[in-house]
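Here is the structure we will look at.
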Amino acid sequence: GNSVTQMEGPVTLSEEAFLTINCTYTATGYPSLFWYVQYPGEGLQLLLKATKADDKGSNKGFEATYRKETTSFHLEKGSVQVSDSAVYFCALNTNAGKSTFGDGTTLTVKP
Amino acid sequence: EAGVAQSPRYKIIEKRQSVAFWCNPISGHATLYWYQQILGQGPKLLIQFQNNGVVDDSQLPKDRFSAERLKGVDSTLKIQPAKLEDSAVYLCASSPPGGAGSYEQYFGPGTRLTVT
């Protein structure tokens, strides 16, 4: 079956540090890939997405590139802020819309 | 536009009791999902509806869980009888029609269930 593996957390960084959260997937066909974020006390919301190989999704300074050859979709940000502290989930959708989520990575950014 | 609505937000029950959760998706969204999120884990898909038909319920424990989506809009998820391991947050999400899986999901705030 389909699966999504994220780097284990928690991750603690200082403000303005570089962020990478690794995500690899296993799926048949050509899934769409997503990063969702859950801020403290809030619901899950979309951060960015990519729907085909080599696409780059970006939003709020975050980026991730759909790498089919390595089946990866790593999340990056050049300079994190305290307000980026949240739980980040990598997910995939098959063409039929079936979703699989990773277990989440908790990011804490300290001033 | 109004988001995905869920109720109740919190529920505490004893094991072997029954409980029901309600979800109202975003207007016009054909696809509706129910997830179970256990603390420290990612959301696990329980059931997916397309309009009022079931697309995937392979991970739904059908001996105790049931779900319906009448008229292709609102949905209810029921647990009967509940077990301790059912303690989790139950998330409802919806997405627009079409898109062949490329559309993102819009999540409700979730219902936190505690089974004692």
Side-chain angles (χ1 to χ4, degrees), chain A residues 1-10 21 23-25 27-53 55 57-59 64 66 73 75 86-106, chain B residues 1-7 9-10 21 23-26 29-51 53-60 88-112:
Chain A
N2 301 328
S3 66
V4 175
T5 302
Q6 291 183 230
M7 68 183 282
E8 291 188 14
I21 300 178
C23 171
T24 57
Y25 68 90
T28 54
Y30 303 96
S32 295
L33 302 174
F34 304 81
W35 278 100
Y36 288 87
V37 60
Q38 187 168 30
Y39 297 105
E42 298 185 16
L44 276 158
Q45 57 186 277
L46 178 72
L47 180 60
L48 54 83
K49 71 176 186 181
T51 58
K52 60 182 187 295
D55 268 3
S58 61
N59 186 25
Y66 189 146
F73 192 54
L75 182 68
V87 183
Y88 293 83
F89 293 92
C90 185
L92 68 82
N93 274 13
T94 67
N95 287 341
K98 181 174 179 178
S99 289
T100 303
F101 280 75
D103 281 337
T105 301
T106 300
Chain B
E1 124 187 300
V4 176
Q6 289 188 248
S7 68
R9 291 295 309 277
Y10 305 91
F21 312 126
C23 173
N24 187 349
I26 292 173
H29 281 196
T31 308
L32 185 147
Y33 305 82
W34 281 104
Y35 291 91
Q36 179 192 61
Q37 186 176 17
I38 294 172
L39 187 64
Q41 299 181 16
K44 181 183 99 173
L45 179 67
L46 292 175
I47 189 167
Q48 177 186 347
F49 292 95
Q50 181 77 17
N51 296 307
V54 175
V55 173
D56 183 358
D57 64 356
S58 57
Q59 298 191 89
L60 186 74
V89 175
Y90 290 84
L91 298 169
C92 179
S94 68
S95 64
S102 64
Y103 288 164
E104 63 269 27
Q105 296 172 49
Y106 296 78
F107 284 84
T111 297
R112 183 176 298 276

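Heavy atoms only: backbone and side chains are in, while hydrogens, waters and symmetry mates are out. A, B, ... follow the sequence lines: proteins, then strands. Residue 1 opens every chain.
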Roughly how far, to the nearest 0.5 Å, is CG of Leu46(A) from CZ of Phe107(B)? 9.5 Å
Close side-chain approach of Gln105(B) and Asn93(A), heavy atoms under 4.5 Å: yes
Among Gly43(A), Pro31(A), Gly102(A), which residue forms the greatest number of heavy-atom pairs with chain B at distances under 4.5 Å? Gly102(A)
Distance col, row Leu45(B):CG vs Asn2(A):CG, nearest 0.5 angstrom, shows 11.0 Å
Examine whether an atom of Lys98(A) lies under 4.5 Å from a heavy atom of chain B, and if so say whether it belongs to the side chain, the backbone or both; otherwise answer neither. both
Is there side-chain contact between Phe89(A) and Pro43(B), with heavy atoms separated by less than 4.5 Å? yes
Which atoms of Ile38(B) come close to chain A, meaning under 4.5 Å heavy atom to heavy atom: side chain ones, backbone ones, both, or neither? neither
So for Glu42(A), is it side chain, backbone, both, or neither that comes closer than 4.5 Å to the heavy atoms of chain B? neither
Thr51(A), Thr106(A), Thr100(A), Asp103(A): which one forms the most heavy-atom pairs within less than 4.5 Å of chain B? Asp103(A)
Looking at residues at least two apart in the chain, or sitting in another chain, which of them share a ring-ring contact (aromatic ring centres under 6.0 Å, His included) with Tyr66(A)? none
Looking only at heavy atoms, the pair that brings Phe34(A) and Tyr103(B) closest together is CZ-O, 3.8 Å
Mark yes or no for whether Tyr36(A), through its side chain, and Glu104(B), through its backbone, hold a donor-acceptor pair below 3.5 Å. no
Between Gln48(B) and chain A, with a heavy-atom cut-off of 4.5 Å, which part of the residue counts as in contact: side chain, backbone, both or neither? side chain
Take atom OH in Tyr10(B); do more than 12 heavy atoms of anything else shown fall under 6.0 Å from it? no
